[in-house]
Protein chains: 2
Amino acid sequence: MSETGTPAKDQPDRDAQTGREPKTARGEATRRAILGAAEKVIGRQGFNEASIGSITREAGVAQGTFYIYFSSKDEVFSELVVEMGRMLRHVISEATGGMADRLEAEREGLRAFLTFVASRPELYRIVQEAQFVDPDAYRAYFRTFAEGYRQGLAEAAEAGAIRPGNADVRAWALMGIARALGEYSVVFGDTTPIDEVVDIAHDLIVDGLRK
Amino acid sequence: MSETGTPAKDQPDRDAQTGREPKTARGEATRRAILGAAEKVIGRQGFNEASIGSITREAGVAQGTFYIYFSSKDEVFSELVVEMGRMLRHVISEATGGMADRLEAEREGLRAFLTFVASRPELYRIVQEAQFVDPDAYRAYFRTFAEGYRQGLAEAAEAGAIRPGNADVRAWALMGIARALGEYSVVFGDTTPIDEVVDIAHDLIVDGLRK
DNA sequence: GAAAAACATGAATAGTGATTCATAATTCAT
DNA sequence: ATGAATTATGAATCACTATTCATGTTTTTC
């Protein structure tokens, strides 16, 4: 019965040796508690300073419990990166969904990004740190975003909604702006209201520096 | 012209307990070898994967020799971050020094940055990782850049060379573009020639997306 | 050309923290 | 109600690596 055959049940799990999935509500709650604690602790202290002990302490469970749901420290980390990607894509597409005007979509996408980042600063830092802890997850995260962004820009240019120009480089440049402004508030603690930052940046994105 | 006159000849010791400074040419060479090896190894493997042993092996010295010149693993790291800051400021001010046109200076600054980053990819990654390994050094690095950038933009706006607008947010946004494009090539291995990337980005910076 | 200073060595130390595991408690299925 | 499955515990293990240090070598000094 419990032979570990093909688990092609309901989880389209991509990864190889993932910690056991919880089978009861109790287990589900514990798993979530650990995941939330990991987000908080790793986001605050960084991957290497955050010990399994500090995570389980924060979660209110014993150290060994961690390994019931995750097979390693790296695994929770990766899961958090993937989670961030999912949430962010959702939030942004939600915010820009029905927008006809590409330039306005640009503004709302930026606002949604900065708002989300401000609401989950630890998760944001985790994605940044993924560059060093889990390069593959990091690259996947950015490639996915960049590709979507690139397409949007290419279509907008095609449709004559924006000036033509290399959509690939532009996508990276615009993601760079969003990222830098997120860092400006999360890492450097700037307190300028998001709406103000968004308007200033949007003005730059749309009309540039030229007088 | 090295009229910059930036640092004093040789600072005795900026930090608290720094490893002993070499007093002979031999010592100086060894110190440099270790610093270069650290740049290479840490930049490639990341701070935590890079062991002192792997650094000294790369440098061709014994493990204990490391501690003659550096008091800890963190210390080499910090020194590399500071070094990157110095070099980059030098390279950029060199490239934009005599430029009258602010918008052209923007282009050349970006080109200088990307060229430098491409020539020292490991050093670039180290600065990124500093956010997690040595947050103080990281913040100092960016604050310094941001402040210079902000001033330049504010003066240009004052002089009517560019459109008025919040120089602070703009500085961060523009630094974000540079950084993202650096990462695009170093981390994601894009092969678009620098000059092309620079022109595309510069076009965006100067005239924006609007048709 | 000696003693001193500076430099170099690499094996030993020592602290850390991820992971395991034997055991126990709780919940589920019938 | 009861055996099976699942979940939880936390002390012990175990590998890893930064740092130290006693000793040896090279360079400088006079």
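What you see below is based on every heavy atom in this structure, not just the backbone, and it leaves out hydrogens, waters and symmetry mates. Sequence lines set the chain letters: A, B, ... in the order given, protein chains first and strands last, and positions in each chain run from 1.
Nearer to the 5' terminus of DNA chain C, by closest-nucleotide assignment, is the contact made by B:Ala25 (compared with the other of A:Ser72 and B:Ala25). Of the two residues contacting DNA chain C, namely A:Asn48 and A:Thr65, the nearest-nucleotide position lying further toward the 5' end is that of A:Asn48.
Across C:dA6, D:dA8, C:dT19, the shortest atom-to-atom separation from the side chain of A:Tyr69 is found for D:dA8. Out of C:dA18, D:dT9, D:dT27, the shortest distance to the side chain of B:Arg26 is found at D:dT27. Minimum atom distance to the side chain of B:Lys73 is reached by D:dT19, of the listed D:dT7, D:dT19, C:dC7. With distances taken from any side-chain atom of A:Ala62 to the nucleotides D:dT7, C:dA18, D:dT9, the minimum falls on D:dT9. Closest approach to the A:Thr30 side chain among D:dT19, C:dT19, D:dT7 is made by D:dT7 (side chain taken as heavy atoms from C-beta onward).
Following rounding to the nearest Å, B:Tyr67 (OH) and D:dT23 (C1') show an atom-to-atom distance of 19 Å. Atom-to-atom, CD1 of A:Ile68 to P of C:dC21 comes out at 14 Å; the value is rounded to the nearest Å. The distance between atom CZ of A:Arg31 and atom C1' of D:dA8, rounded to the nearest whole Å, is 16 Å. Atom C1' of nucleotide D:dT19 and atom CG of B:Asp74 are separated by 12 Å, given to the nearest angstrom. Atom CD in B:Gln63 sits roughly 8 Å away from atom P in D:dA18 (whole-Å rounding). Atom CD in A:Gln45 sits about 11 Å away from atom P in C:dG17, given to the nearest Å. The distance between atom CD of A:Glu28 and atom P of D:dT6, rounded to the nearest whole Å, is 15 Å. Here D:dT17 presents its P atom at 10 Å from CZ of B:Arg57, a figure rounded to the nearest Å.
Between the B:Ser78 side chain and the B:Asp74 main chain, a donor and an acceptor come within less than 3.5 Å of each other.
A heavy-atom distance below 4.5 Å is not found between the side chains of B:Ile42 and B:Arg125. Using a 4.5 Å cut-off on side-chain heavy atoms (C-beta onward), B:Arg150 and B:Glu147 make contact.
Other residues, nucleotides and ligands contribute at most 12 non-hydrogen atoms within 6.0 Å of the CD atom of B:Glu49.
For the OP1/OP2 pair of C:dC7 and a distance below 4.0 Å, the side-chain nitrogens and oxygens of B:Thr24 include at least one atom meeting the criterion.
Counting any heavy atom pair closer than 4.0 Å across all strands shown, A:Ala50 reaches sugar-phosphate atoms only and no base atom.
Below 30°, between 30° and 60°, or above 60°: for A:Tyr138 and B:Phe188 the angle between ring planes is between 30° and 60°, a tilted geometry.
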